[in-house]
Amino acid sequence: MTRELQIGSAGRQWPFSRGLVAESLLNAGASPEVAAAVARRVEAQLRAGRRVSVSTAQLKDLLVEVTQDIGGPELAGDVKRQTAAFEDILVVAKKGALPFSRGVLSRSLEDTGLPPREAYAVASQIDIRLRQLGVRSLSVSEIDDLTERTLQDLYGDQLKLTYRFLRENRGRLGVMGSGGDAPTPFSKGILTQSLLAAGVPPDSARKVARTTQRQLRGAEDRLVERRVIRERVEQLLEAEVGPEVAARYRLLQVIRHPPRPLVILLGGVSGTGKSYLAAEIAYRLGIARVVSTDSIREVMRSMVSPALLPTLHASTFSAWQALVGPNAEPPEHPSTEALLAGFREQVQQVSVGLDAVVRRSIEEGMSVVLEGVHLVPGYLSARHGAIVIPMLVTLPDENEHRRHFEARDKQTTQSRPLHRYMRYFEEIRAMQDDLESLARRLDVPLLDSLSIDESADQAVDVVMRRLLTELSPAERLNLLGQEELRLEQIGLAKAAEPL
């Protein structure tokens, strides 16, 4: 009984395959007829020599010799330069080197969403490319880079970015949106935050987030669509806290990924807690960008001299002093008309910078929370391509307003001196009265709770109501799964009354 012809070394051997020899010829550009003829003669010569084992180097030398005889010197040169199909391409990693495997790579490609047959075809294409280049070893990162380039050439950016996420987050769950962006890691903490913002009690929010994570990890797929997560969470919420909260959560997910950028305008005079409230609203709604009108004013001040725009370089409650004639003695306190004239002139100046921020957010498709005293109702109107939602923060109680200034004085180590704000406290209150009057006239919601949590709850409800009115029937169907979602279905019927 003759022993089967083996290829390789003593440590690793496999049966001779005429198909691998022919494949090597095809990779080098030979015709199928030439490839088959060379493979038959190579096998015949090996068996005629009664060989039972041959190294890959010996097989390669014989292949080149036979190819030159049958296919000519040019084809033989190409075969010699390339890595034959029976030669290993080593992938070098930290733990050592392993032979490149089309099967292993194709399974990774299946994780991106490619069907098995397509995934194997892509892996085979990468294998052929490496062999044509004569590659004998490469690093894991090099093969990942080549895979990314191949995916981009064949399918575009989304599949390339998906593969990159998988290689950089091995073993982690990824969340895919519908806009063609790269996947993001699944976060139980972010999901819990979303549930709390939708009004889910803390214990129930943590329970739903844990259950969702456990269910996703139990699935075979390492990537899951955001829509699938939302549907799972809604089912759990309906069972845990009821359909009303589930519907609020669904709408909140639309707010986090709106069809058009949200531009939330949070106005209010000094000392009302706008900055803290803006940060809380942004956190609850998943908005990464919060911009203060004070910072915009500071940038504009650095570019324009006080001689050119004196009102810009003053505080809002003392801008009126810049309007006093050069030979006139300014009074200790201005009239209401003079106070508001100086304030509104500065608002108009800063609105130029605010308008630029809004335009940039629309161009980038990024939602933003703007906060500051310069966000006067009526000055920044609706913008095409964005959903603009104005609100006004007020403090009806004068004593509470004073306490806010006292607390801020301690927290900022007197960098914003209390005495200065107390000197113009009546002016600040007069400005608030004027802003309230404007807000009521223009139907801008007022946030007047003393607690940040309560005001943030009010603000989220305002955003939800506004979004429902802004969405077209087609957008409602696409984003919410239904054309109509009434206020009472998400617990906003009562809150729909003017604040």
Side-chain angles (χ1 to χ4, degrees), residues 14 17-32 35-36 39 56 78-79 81-186 216 219-228:
W14 60 92
S17 167
R18 194 164 63 188
L20 289 179
V21 176
E23 184 180 334
S24 301
L25 269 294
L26 293 172
N27 289 345
S31 67
T56 55
D78 290 340
V79 169
R81 283 189 295 273
Q82 293 186 10
T83 303
F86 50 79
E87 293 180 296
D88 283 337
I89 298 175
L90 295 179
V91 180
V92 182
K94 291 181 180 178
K95 296 182 179 180
L98 291 171
F100 171 76
S101 167
R102 284 179 286 191
V104 171
L105 179 57
S106 67
R107 285 193 290 275
S108 297
L109 291 168
E110 286 179 42
D111 287 339
T112 67
L114 283 176
R117 183 172 295 182
E118 275 190 66
Y120 191 79
V122 173
S124 298
Q125 184 173 326
I126 291 170
D127 177 67
I128 292 171
R129 180 61 177 157
L130 291 172
R131 295 185 183 283
Q132 289 174 338
L133 293 171
V135 174
R136 295 303 304 272
S137 69
L138 73 168
S139 66
V140 174
S141 62
E142 286 174 325
I143 199 166
D144 280 336
D145 290 341
L146 177 58
T147 303
E148 280 191 20
R149 291 196 298 272
T150 304
L151 288 172
Q152 184 168 33
D153 291 341
L154 293 174
Y155 302 100
D157 281 342
Q158 184 172 9
L159 216 58
K160 179 196 77 171
L161 294 173
T162 299
Y163 181 82
R164 180 178 296 173
F165 169 85
L166 292 171
R167 65 181 271 201
E168 293 176 350
N169 297 274
R170 301 189 191 278
R172 297 180 68 184
L173 289 167
V175 181
M176 297 179 65
S178 57
D181 297 329
T184 56
F186 172 81
L216 293 174
E220 292 184 3
D221 294 335
R222 291 173 57 199
L223 290 173
V224 60
E225 292 182 13
R226 186 174 287 112
R227 171 188 57 80
V228 174

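The model shown is predicted, which means the values in this text are computed figures rather than measured ones.
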Partners meeting side-chain hydrogen bond (donor to acceptor under 3.5 Å, both in side chains) with [X] (sequence neighbours left out):
X: Arg149; value: none
X: Gln132; value: none
X: Arg102; value: none

Gap between atom [atom2] of [Y] and atom [atom1] of [X] - 0.5 Å precision:
X: Leu105; Y: Asp127; atom1: CG; atom2: CG; value: 9.0 Å
X: Leu133; Y: Arg81; atom1: CG; atom2: CZ; value: 12.0 Å
X: Ile126; Y: Ile89; atom1: CD1; atom2: CD1; value: 11.0 Å
X: Thr150; Y: Asp145; atom1: OG1; atom2: CG; value: 10.5 Å
X: Gln125; Y: Leu130; atom1: CD; atom2: CG; value: 11.0 Å
X: Gln82; Y: Leu25; atom1: CD; atom2: CG; value: 10.0 Å

Looking at [X] and [Y], what are the two nearest heavy atoms and their distance?
X: Phe165; Y: Thr184; answer: CE1-C, 3.6 Å
X: Arg131; Y: Ala85; answer: NH1-CA, 3.8 Å
X: Leu90; Y: Ala97; answer: CB-CB, 4.3 Å
X: Phe100; Y: Ala123; answer: CZ-O, 4.3 Å

### Query
So, Ser106 side chain and Ala119 main chain: donor-acceptor pair closer than 3.5 Å or not?
no

Heavy-atom side-chain contact between [X] and [Y] under 4.5 Å:
X: Thr162; Y: Leu151; value: no
X: Phe86; Y: Ser24; value: yes
X: Asp88; Y: Thr56; value: no
X: Ile128; Y: Leu26; value: no
X: Val224; Y: Phe186; value: no

### Query
With Arg136, which residues qualify under salt bridge (charged side-chain N to carboxylate O under 4.0 Å, His left out), at least two apart?
Glu87

### Query
Residues two or more places apart in sequence or in another chain: which of them pass salt bridge (charged side-chain N to carboxylate O under 4.0 Å, His left out) with Asp144?
Arg167, Arg170

### Message
Between Leu154 and Leu159, is the side-chain contact (heavy atoms from CB on, under 4.5 Å) condition met? List the steps.
### Response
CA-CA 9 Å; Leu154 293 174; Leu159 216 58; over 6 Å; no

### Task
Scan for side-chain hydrogen bond (donor to acceptor under 3.5 Å, both in side chains) pairs involving residues 112-124, sequence neighbours excluded, and state none if there are none.
Glu118-Tyr155

